[in-house]
Amino acid sequence: MKTFKEMMNKMKKLTYLTILALGIGLSACSGESTTAEQNTMPATPNESVQTASATNPANPDFPTYMVGSEVSYEPFEFKDEKGHPMGFEVELLQEIGKAAQFNVVFIHTPRNALEADLNSERFSILASALSVSPERMEKMDFSEPFLDFVREVYILDTPENAALKSISDLNGKRIAVNGGSSTAVATAQELAGSADRVEKADSFYLSLAAMYNGKAIGTLGDSRILQYYDAKTPEIKTRAISLGDKPKYIAFAVKKGNTELRDKINQGLKIVKENGTYDQLLKKWFNQDSTK
């Protein structure tokens, strides 16, 4: 069995290699302007990242919809080593399309341009880890939510951290955070008790690496992303301290008033939930069952 020191050395090596090999993208579940995960091939704005296209659809008998997405937010949507889109939302929408009989083509676009492009009808669907909020519901229509998340502080599950059980125990401790999100930084400062106890990183991945490498006692992030990295590194034992927030919900968006397409997406989502496809994707990307 590997020692804890060996596991930490492994994470340091992985962190170094990741910084060299991966690019940095922009996105966030919460909708904040934030530097997100590295991805293997950074997309350029307005770049089609789907193997199928409007002129070469996966199924020529189905209509094809352009999907606006900032394809740089692992594990929701990011690019593989060949430049193809992958991730939980990518696969889910592809499966929904198969079930409801439509094709999708993902177009990488900066997150702050997605709403304008949806209203200009450049895109028919937005899939970019969008959380449903009253403000967004005034500007676009949402599908049925397909995933929830809460904010948590991730810590190493070690004897040294055994006394850390609630958010009040984090006061005076150093907390790592994705420095691109002003909301996340403010929350981390509140938890730690001062700004100088916040370890700001250039991405969520690097904030997690800071915890692994001992620069911080914990990492502030969204529960689903923490689950994803937990599944990727099962040899490193971790646990989460909840902030006690109410869950937020992620959904696909369409132009306000486009109830026909919204209903299509909902129809496909219902099918993939009933036939077990949704559960398979949830297990694949987050190592979670649908009941959790």
Side-chain angles (χ1 to χ4, degrees), residues 25-34 36 43 45-50 54 62-73 75-78 85 87-151 180-184 222 224-225 245-273 278 281:
L26 299 176
S27 189
C29 285
S30 61
E32 292 294 322
S33 174
T34 160
N46 303 323
E47 176 188 353
S48 174
V49 291
Q50 181 60 286
F62 297 166
T64 297
Y65 298 114
M66 300 296 108
V67 181
S69 181
E70 194 167 62
V71 189
S72 54
Y73 192 38
F76 291 95
E77 47 272 315
F78 59 107
F88 174 74
E89 278 193 303
V90 173
E91 291 192 23
L92 178 60
L93 190 54
Q94 287 171 337
E95 292 297 333
I96 287 173
K98 291 178 186 177
Q101 299 188 344
F102 62 82
N103 302 304
V104 291
V105 176
F106 281 81
I107 308 295
H108 173 76
T109 301
R111 191 179 179 91
N112 58 11
L114 289 175
E115 181 185 326
D117 283 338
L118 178 67
N119 290 329
S120 70
E121 299 186 354
R122 183 168 181 270
F123 301 135
S124 297
I125 304 171
L126 297 187
S128 200
L130 291 172
S131 58
V132 180
S133 68
E135 295 78 17
R136 285 188 175 138
M137 291 176 69
E138 292 180 357
K139 301 174 182 178
M140 58 190 77
D141 284 342
F142 282 94
S143 70
E144 291 293 326
F146 54 80
L147 199 67
D148 63 355
F149 69 93
V150 295
R151 294 184 303 168
S181 169
S182 58
T183 300
D222 295 335
R224 293 296 180 176
I225 303 182
D245 298 343
K246 291 182 179 179
K248 294 184 179 181
Y249 298 91
I250 298 172
F252 300 118
V254 300
K255 186 177 180 180
K256 192 75 174 175
N258 192 349
T259 56
E260 180 181 357
L261 181 52
R262 181 201 62 192
D263 292 346
K264 263 190 182 182
I265 295 171
N266 286 339
Q267 175 192 5
L269 180 59
K270 183 175 185 290
I271 292 171
V272 299
K273 283 189 172 183
Y278 174 83
L281 293 176

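None of the values given here were measured: they were computed from a predicted structure.
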ask   = If every non-hydrogen atom of Glu144 is compared with every non-hydrogen atom of Ala251, which pair is closest and at what distance?
value = O-CB, 4.0 Å
task = Identify the two heavy atoms, one from Tyr73 and one from Phe78, that lie closest to each other, and give their separation to 0.1 Å.
result = N-CB, 4.3 Å
Sequence neighbours excluded, every pair satisfying salt bridge (charged side-chain N to carboxylate O under 4.0 Å, His left out) that has a member inside residues 88-110 = Glu91-Lys284, Glu95-Lys98
message = The criterion is side chain to side chain contact (heavy atoms under 4.5 Å, CB included); which residues satisfy it with Ala253, sequence neighbours excluded?
response = Leu126, Leu130, Met140, Phe142
request  = Could you please spell out the steps behind the side-chain contact (heavy atoms from CB on, under 4.5 Å) verdict for Arg122 and Ile107?
outcome  = CA-CA 10 Å; Arg122 183 168 181 270; Ile107 308 295; 3.8 Å; yes
Expected output: side-chain Asp141 to main-chain Val254 donor-acceptor under 3.5 Å = no
key: Shortest non-hydrogen contact from Ala100 toward Gln267   = CB-OE1, 4.4 Å
query = Closest approach of Leu269 and Pro145, non-hydrogen atoms and distance?
reply = CD2-O, 4.3 Å
ask   = Testing Glu115, Glu260, Glu121 for salt bridge (Lys or Arg N to Asp or Glu O under 4.0 Å) with Lys255, which one passes?
value = Glu121
inquiry  = Tell me the closest heavy-atom pair linking Phe106 and Val90, and the distance in Å.
reply    = CZ-CA, 3.7 Å
inquiry  = Using the ring-ring contact (aromatic ring centres under 6.0 Å, His included) criterion, which residues pair with Phe146? Sequence neighbours excluded.
reply    = Phe252
task = Mark yes or no for whether Ser69, through its side chain, and Ala127, through its backbone, hold a donor-acceptor pair below 3.5 Å.
result = yes
